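Input: a single structure, listed below in structure tokens.
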Number of protein chains: 2
Amino acid sequence: MASIHDVARVAGVSISTVSYALSGKRSIAASTRARVLDAVESLGYRPNAGARMLAGTRTNIFALTAPFHADTYAPAHMAFVLAVAQAARAHDYDVLLLTQDEATNGLRRVASSRLVDGIIVLDVAGDDDRVAVIRELGVPSTFIGVPRDAAGLVCVDLDFEAAAALAVEKLAAAGHRSIGLIGHSPGVYARGSNFPPRFRDGFFAAAAARGIETAFAMPERDGPSARLALDALYRDCPDMTAVVLHAEETVQAAVLDVLRERGLRVPGDLSVLSACASFETDHFEPPLDTIPLVAADSCTRAVDLAIEQVGGPIEPRIELVPPRFYERGSIAPPRTRSSASPRP
Amino acid sequence: MASIHDVARVAGVSISTVSYALSGKRSIAASTRARVLDAVESLGYRPNAGARMLAGTRTNIFALTAPFHADTYAPAHMAFVLAVAQAARAHDYDVLLLTQDEATNGLRRVASSRLVDGIIVLDVAGDDDRVAVIRELGVPSTFIGVPRDAAGLVCVDLDFEAAAALAVEKLAAAGHRSIGLIGHSPGVYARGSNFPPRFRDGFFAAAAARGIETAFAMPERDGPSARLALDALYRDCPDMTAVVLHAEETVQAAVLDVLRERGLRVPGDLSVLSACASFETDHFEPPLDTIPLVAADSCTRAVDLAIEQVGGPIEPRIELVPPRFYERGSIAPPRTRSSASPRP
DNA sequence: CTGAAAGCGCTTACAG
DNA sequence: CTGAAAGCGCTTACAG
């Protein structure tokens with residue numbers, strides 16, 4: 001394996017010139033640089049990673065702590081892991097994957113051995129063990145999600161309150177005055193991360209501000225629960241003309257199945273808006289208007305902030321990514337009472 | 001951050017003694033070792049990763065190349081990634097995650113910069129770009145899955161032929177003489193990896209050897225296709241008394257839904273065996289007997305073989321992991337004709 | 001059982 | 001614009 005000395009010899013320069021020619025950290029005569037690059041090319045030279053880590057100030061590796069729990073939704077988890085890896089590569093960083101077991105010890109290990117320059121924290125729980133460790137280590141870190149106590153931390157997340165408000169706004173603009181919300185399972189609100197309550201509260205606040213009637217249900221992940229949830233919404237809001245789905249893919253699909261079974265057309269009989277989903281909603285029948293949770297948005301920003309921190313400390317913050325709306329045709333003005341088709 | 005010199009000073013020994021006390025590579029007086037460990041503890045010393053990589057012979061990092069395609073099934077993908085990470089940690093190895101974009105360039109980069117000691121290859125396609133790169137790099141690598149041309153490679157995979165034979169054997173032992181197979185979508189057999197054909201061929205061979213009648217269907221991933229597939233099996237095998245599900249979770253669930261709708265009980269009216277699933281089958285209603293694809297089995301062995309290769313070249317091989325059978329109560333003897341309930 | 005020292009392959013002040 | 005050299009923090013022969 002060729003070393004920097006080999007390149008220097010072939011190019012007829014010193015090793016410092018080779019280093020600078022490759023890093024661009026000082027100006028090099030064009031002809032010299034060309035000779036160096038030729039030598040690099042012909043020798044197939046790649047700087048040794050260990051030597052760079054030791055001599056330089058950074059390792060160009062981020063740790064990604066992505067614990068996987070029993071109730072982790074794999075496709076969303078995957079999307080975030082991939083988005084982080086991709087964003088990191090755009091800054092010439094590699095990603096070291098840390099998993100469940102060893103969650104906190106792994107962080108200690110890779111940070112204090114200086115194997116990584118920083119840490120990206122995924123699947124942040126309200127009360128997360130990793131918060132204390134990261135505070136203690138004082139290593140550049142970005143949380144994707146917001147722990148209960150975020151003092152001193154750098155966090156990035158979708159603005160769930162704004163997403164909920166946007167959902168209400170879009171439906172209100174179409175004329176809806178009575179909107180149901182199908183959320184996650186009760187367990188998710190009890191423990192879990194804090195985004196489901198943030199969305200729920202944002203929804204109620206935005207609806208209240210417009211004098212819109214609301215109902216709320218928290219089905220489990222199975223089809224029968226989705227069916228019951230819809231019944232509960234219609235019971236609480238007999239005039240409901242729109243529903244917001246802030247739930248997992250299986251539940252969203254199940255709700256559409258139930259509507260189809262009952263002969264309720266979307267958006268003719270009911271407008272439906274999917275909110276904060278990290279999956280595509282245009283495979284549904286019908287495709288759903290959506291305010292998605294875009295993994296790439298949060299992850300790109302999180303990596304940017306980690307890179308900034310590698311350069312030096314930055315102000316702690318909670319940075320909220322603004323939501324976006326995509327129209328797919330599942331929202332229409334509500335039927336007037338007279339023309340409404342009877343509900344089963 | 002404490003260095004090995006600090007530890008040596010505090011313990012009153014030389015740095016080589018510290019190094020050997022920690023690595024155990026030469027014998028150290030018990031009292032000396034104790035002083036060293038005390039110093040390490042009190043200073044919170046962790047060897048610098050870059051320095052170890054540069055001075056030592058290995059980096060203790062494996063690259064994990066896990067491309068994610070449009071039709072990747074996230075839960076299975078996730079299970080394999082986690083199983084590799086866990087197996088690696090058991091050998092004190094970390095995992096560097098390489099994703100889709102940059103699949104082959106990433107391998108070149110991390111291998112020739114000596115950032116990793118070896119490569120674990122996931123989601124192996126029949127005709128996989130990474131094969132040529134890895135041959136060229138000559139770096140310790142294990143494939144989880146078997147490419148078409150595996151010459152010179154170390155591969156680990158479930159023994160799909162044996163799994164299919166075991167499925168037939170279990171059903172034959174219960175008295176079944178006519179068995180349907182619901183496989184993956186036609187596209188998967190056309191391109192994709194080679195395990196679906198391996199399972200299919202193993203199934204036909206085992207059935208033929210026992211004079212068992214067979215039928216085969218390849219539904220797409222949606223519910224309606226699953227329904228049609230079942231119809232096709234009954235059309236081809238009117239006396240079918242058992243079905244093997246070698247398909248994704250959604251399809252397996254859909255088949256059970258269809259059976260329930262039609263009033264066909266499992267295993268009373270039809271025995272069902274799930275084969276090579278990387279998800280739990282005991283959440284199904286009813287829970288299914290299963291010959292699972294256990295990610296940990298293949299991944300543990302794959303990592304073991306990678307570790308071996310770091311020590312020096314080993315014989316190329318395709319190592320097939322034997323299947324296991326778990327009973328959940330979804331197989332029973334077939335109804336005799338007279339007592340059979342009529343099919344809808 | 002232990003130590004002094006070379007060397008891994010870079011980066012980056014220091015010097016000109 | 002370029003070079004000679006120190007130094008990053010380890011591991012591991014070499015020596016005793």
Side-chain angles (χ1 to χ4, degrees), chain A residues 1-37 39-40 43-61 92 109-117 310-311, chain B residues 1-37 39-40 43-61 92 109-117 310-311:
Chain A
M1 199 130 302
S3 81
I4 195 170
H5 287 99
D6 301 318
V7 177
R9 188 165 20 78
V10 170
V13 297
S14 71
I15 62 160
S16 54
T17 297
V18 174
S19 180
Y20 286 120
L22 291 177
S23 71
K25 288 190 182 171
R26 79 179 182 194
S27 43
I28 300 278
S31 62
T32 307
R33 150 168 298 127
R35 285 213 313 286
V36 170
L37 295 183
V40 164
L43 292 169
Y45 168 71
R46 300 264 191 168
N48 178 286
R52 292 188 101 160
M53 287 168 62
L54 180 56
T57 61
R58 53 190 62 175
T59 67
N60 279 61
I61 302 176
D92 201 29
R109 180 169 49 79
V110 300
S112 50
S113 67
R114 301 221 152 282
L115 176 52
V116 305
D117 293 335
V310 171
Chain B
M1 201 130 302
S3 82
I4 195 171
H5 287 100
D6 301 318
V7 176
R9 190 166 18 78
V10 169
V13 297
S14 71
I15 63 160
S16 54
T17 297
V18 173
S19 179
Y20 286 120
L22 291 177
S23 71
K25 288 190 182 172
R26 79 179 181 192
S27 41
I28 300 279
S31 61
T32 307
R33 152 169 295 129
R35 287 213 312 287
V36 169
L37 296 183
V40 165
L43 293 169
Y45 169 71
R46 300 264 191 168
N48 179 286
R52 292 188 101 161
M53 287 168 63
L54 180 56
T57 61
R58 52 190 62 174
T59 68
N60 279 61
I61 302 176
D92 202 30
R109 180 169 48 80
V110 300
S112 51
S113 68
R114 301 220 153 283
L115 176 52
V116 304
D117 293 334
V310 171

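Worth knowing before you read on, the calculation uses all heavy atoms, side chains too, and leaves out hydrogens, waters and symmetry mates. Below, chains carry the letters A, B, ... as their sequence lines are ordered, and counting in each starts from 1. This one's a predicted model, so the numbers in the text were calculated from it and none came from an experiment.
- Set against dT2(C), dC10(D), dT12(C), the side chain of Ile28(B) has dT2(C) as its closest nucleotide.
- Atom C1' of nucleotide dG3(C) and atom CZ of Arg9(B) are separated by 17 Å, given to the nearest angstrom.
- We find that CG of Asn48(B) is positioned 6 Å from C1' of dG9(D), with the value rounded to whole Å.
- As rounded to whole Å, 14 Å separates atom P of dC8(D) from atom CZ of Arg114(A).
- One cannot find a donor-acceptor pair under 3.5 Å joining the base of dT12(C) and the side-chain atoms of Arg26(A).
- Pairing partner, dA13(C): none, since no Watson-Crick or wobble contact has both distances short of 3.5 Å.
- In the displayed structure, Arg114(B) atom CZ is contacted under 6.0 Å by at most 12 heavy atoms of other residues, nucleotides or ligands.
- Remark: Tyr45(A) is in phosphate contact with dC10(C), judged by side-chain N or O atoms under 4.0 Å from OP1 or OP2.
- Minimum interatomic distance between Val13(B) and Arg35(B) (heavy atoms only, all atoms of both residues): CG1-NH2, 3.6 Å.
- Each of Ile4(B) and Arg33(A) lies near DNA chain D, and the nucleotide nearest Arg33(A) is the one positioned closer to the 5' end.
- Under the 3.5 Å distance criterion, the side-chain polar atoms of Asn60(A) are matched with a main-chain donor or acceptor of Asp92(A).
- Among the nucleotides dA5(C), dG3(C), dG3(D), the one closest to the side chain of Val13(A) is dG3(D).
- Projected onto DNA chain C by closest heavy-atom contact, Gly12(B) and Ala51(B) fall at different nucleotides, the more 5' of which corresponds to Gly12(B).
- As rounded to whole Å, 13 Å separates atom P of dC8(C) from atom CG of Leu54(A).
- The phosphate of dG3(D) has OP1 or OP2 within less than 4.0 Å of a side-chain N or O from Thr17(A).
- A 4.5 Å side-chain heavy-atom check between Leu22(A) and Leu37(A) finds at least one atom pair inside the cut-off.
- Applying the 3.5 Å distance criterion, the base of dG3(D) shares a donor-acceptor pair with the side chain of Ser16(A).
- For Lys25(B), no side-chain nitrogen or oxygen approaches OP1 or OP2 of dT11(D) to under 4.0 Å.
- In the interface, the side chain of Arg52(B) is not paired with the base of dG9(C) through any donor and acceptor atom under 3.5 Å apart.
- In this structure, Arg46(A) atom CZ and dG9(C) atom P are separated by 17 Å, rounded to whole Å.
- In this entry the distance linking CG of Leu115(A) with C1' of dC10(D) reads 15 Å, nearest Å.
- For dC10(C), the OP1/OP2 oxygens have no side-chain nitrogen or oxygen of Ser19(A) closer than 4.0 Å.
- Distance His5(A) NE2 to dG3(D) C1': 12 Å, rounded to the nearest Å.
- For the pair Thr32(A) and dT2(D), the criterion of a side-chain N or O lying under 4.0 Å from OP1 or OP2 is met.
- Within the 3.5 Å criterion, the main-chain N or O of Leu115(A) finds a donor-acceptor partner in the side chain of Thr59(A).
- In this structure the side chain of Ser16(B) reaches within 4.5 angstrom of the side chain of Arg26(B), judged on heavy atoms.
- As the counterpart of dA4(D), no nucleotide is assigned, since no Watson-Crick or G-U wobble pattern has both distances under 3.5 Å.
- Whole-Å rounding puts the Tyr20(B) OH to dC1(C) C1' distance at 12 Å.
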